[in-house]
Structures are given as C-alpha cells and as structure tokens.
Amino acid sequence: KRYTEDLEFKISDDEAEDADAPGRKSPPNTSQSEQQEAPDAEGPVVEKIMGIRMAKKQMDSGEEVEVEEFYVKFKNFSYLHCRWADVEELEKDKRVHQKIKRFKAKQSLNSFLSEMDDEPFNPDYVEVDRILDVSHSTDDNGEPFAHYLVKWCSLPYEDSTWELKQDI
C-alpha cells in the first residue's frame, strides 16, 4: 500500500526535496531513451539480445570460421527488424560487449532455458494493432513515400515505431 501512495504523489524522496526548494525549476522534459543513449553511437544500438547460435562465416582468405551470432533487437526499431548478427557487426554499439556478457550470464543461470525456442519473442510484437500517424515525404530521387507510426499488439505506446508501408 505504501508503494502505491508514493507512486501517486512522488516518485522518490529526492523529488520531494527538490520540489520544496524555493526558486528551483523542474528539469527539462526529456524522454528516457534520450537520457540512456547518447547520439554518438556509429550504428544502431542493441536494445536486447534474445538468442545465440554458432554459424559459419566465410573469411576474406576463403576459409570458413565458426563465429557466435546473436539474435538482436535494435533500439527504436520494431521486432520486424530483429536479426542475427555477429560481434563484429554489433561492435558499432560501444556497450555491446557488456550486453553480451550480461546475456551469457543470464543464460548460464537459466541453463534449462538456454535452448532457444521456436519464437524468441511474442509473435504479437510484429502484429499491427493500429496506425497512429502518417508522415509523407520524398526520397533523394523525388519519389513520394510514407512512414506510418505503428502501435504494435501487446506492446505499450512508447514502443511504437515509424515503418514503411512494405514493412507492415
């Protein structure tokens, strides 16, 4: 009950002290994703690692080498864009090694779940619940195209993503 009461009035004791301080302004309203990830990443940021497998990779020299591949979901992309990628591809995200280490630790704790299921995530996550908005634009060649803001089934509104028509 106490947790609920705290939730209704304030999130933490620190906020209560800040609110009581005279002449203080509230911090600017920034989203959680803006606070977590800096825009200095070179490529897409890995949000979640959902699986691991060994795969053969063709090297430039022509020899085949076994490498670990991870089934990943990228931040600000829908589950439609999840894919298998090796560590070399994922190194654009500077925190990927920490995420891999955490994933492997979690897998070793749950050894009975280590075999990946047929479905690494809820299939509802790729089913369109509703279209929230449409953005019309033109590409570099002057061709018109549209992006749709998609609310996915079984996911909250904050996980809505902009998608091209052919993807949905």
Side-chain angles (χ1 to χ4, degrees), residues 1-20 24-53 69-85 89-107 109-110 113 116-140 143-168:
K1 189 171 180 178
R2 175 146 169 68
Y3 175 76
T4 316
E5 290 170 2
D6 283 339
L7 187 61
E8 290 175 11
F9 297 108
K10 61 184 186 230
I11 295 174
S12 70
D13 293 335
D14 295 337
E15 285 185 3
E17 292 166 10
D18 289 347
D20 294 339
R24 280 190 122 164
K25 293 185 179 180
S26 61
N29 198 9
T30 57
S31 72
Q32 186 178 7
S33 62
E34 289 172 336
Q35 293 171 359
Q36 288 178 349
E37 300 297 337
D40 59 325
E42 294 174 19
V45 175
V46 174
E47 180 178 320
K48 188 188 303 186
I49 299 175
M50 297 180 285
I52 186 172
R53 71 177 183 188
E69 285 190 337
F70 300 93
Y71 195 66
V72 295
K73 179 192 181 299
F74 295 102
K75 193 169 201 73
N76 299 324
F77 286 88
S78 68
Y79 281 85
L80 288 175
H81 303 285
C82 293
R83 64 183 175 90
W84 289 100
E89 288 178 72
L90 299 174
E91 282 181 335
K92 294 173 186 165
D93 178 0
K94 59 186 176 190
R95 296 189 192 141
V96 76
H97 292 290
Q98 296 168 334
K99 293 172 185 176
I100 290 171
K101 187 176 176 181
R102 214 171 344 181
F103 174 77
K104 287 181 176 180
K106 191 185 294 186
Q107 288 295 306
L109 288 174
N110 299 326
L113 294 175
M116 195 171 104
D117 298 331
D118 293 337
E119 300 170 343
F121 57 84
N122 186 340
D124 285 353
Y125 293 175
V126 293
E127 185 178 325
V128 175
D129 185 5
R130 61 187 62 158
I131 303 295
L132 304 173
D133 198 6
V134 180
S135 172
H136 297 280
S137 188
T138 56
D139 63 11
D140 296 337
E143 298 284 326
F145 69 94
H147 278 103
Y148 297 88
L149 183 58
V150 178
K151 178 2 186 134
W152 301 99
C153 288
S154 302
L155 286 172
Y157 278 91
E158 65 188 32
D159 290 338
S160 298
T161 57
W162 289 96
E163 301 293 335
L164 294 169
K165 187 173 186 171
Q166 64 262 26
D167 292 338
I168 55 175

### Message
H81: which residues meet the side chain to side chain donor-acceptor pair (under 3.5 Å) condition with it, sequence neighbours left out?
### Response
E163
### Message
Run the side chain to side chain donor-acceptor pair (under 3.5 Å) test against D133 and tell me which residues pass, sequence neighbours left out.
### Response
none
### Qualifying residues under side-chain contact (heavy atoms from CB on, under 4.5 Å), relative to F103, sequence neighbours excluded
I49, I52, Q107
#### Entry: salt bridge (charged side-chain N to carboxylate O under 4.0 Å, His left out) partners for R130, two or more places apart
none
## Note on the structure
ring-ring contact (aromatic ring centres under 6.0 Å, His included) pairs touching residues 148-167, sequence neighbours excluded, are none
### Task
Tell me, please, which residues at least two apart from K48 pass salt bridge (charged side-chain N to carboxylate O under 4.0 Å, His left out).
none
#### Entry: Electrostatic pair K99-D93, nearest N-O below 4.0 angstrom
yes
## Note on the structure
Sequence neighbours excluded, the answer for side-chain contact (heavy atoms from CB on, under 4.5 Å) partners of Q166 is L164
### Message
So, using side-chain contact (heavy atoms from CB on, under 4.5 Å) as the criterion, who are the partners of D124 when residues are at least two apart?
### Response
N122, E127, C153, S154
### Query
For H147, which residues count as a ring pair (Phe, Tyr, Trp, His ring centres under 6.0 Å) partner, sequence neighbours excluded?
F145
### Message
So, using salt bridge (charged side-chain N to carboxylate O under 4.0 Å, His left out) as the criterion, who are the partners of E91 when residues are at least two apart?
### Response
none
### Counterpart residues, side-chain contact (heavy atoms from CB on, under 4.5 Å), relative to D140 (two or more places apart)
none
### Message
Do V134 and L149 make a side-chain contact, defined as non-hydrogen atoms from C-beta onward lying under 4.5 Å apart?
### Response
no
### Query
Can you name the ring pair (Phe, Tyr, Trp, His ring centres under 6.0 Å) partners of Y79, sequence neighbours left out?
F121, Y125
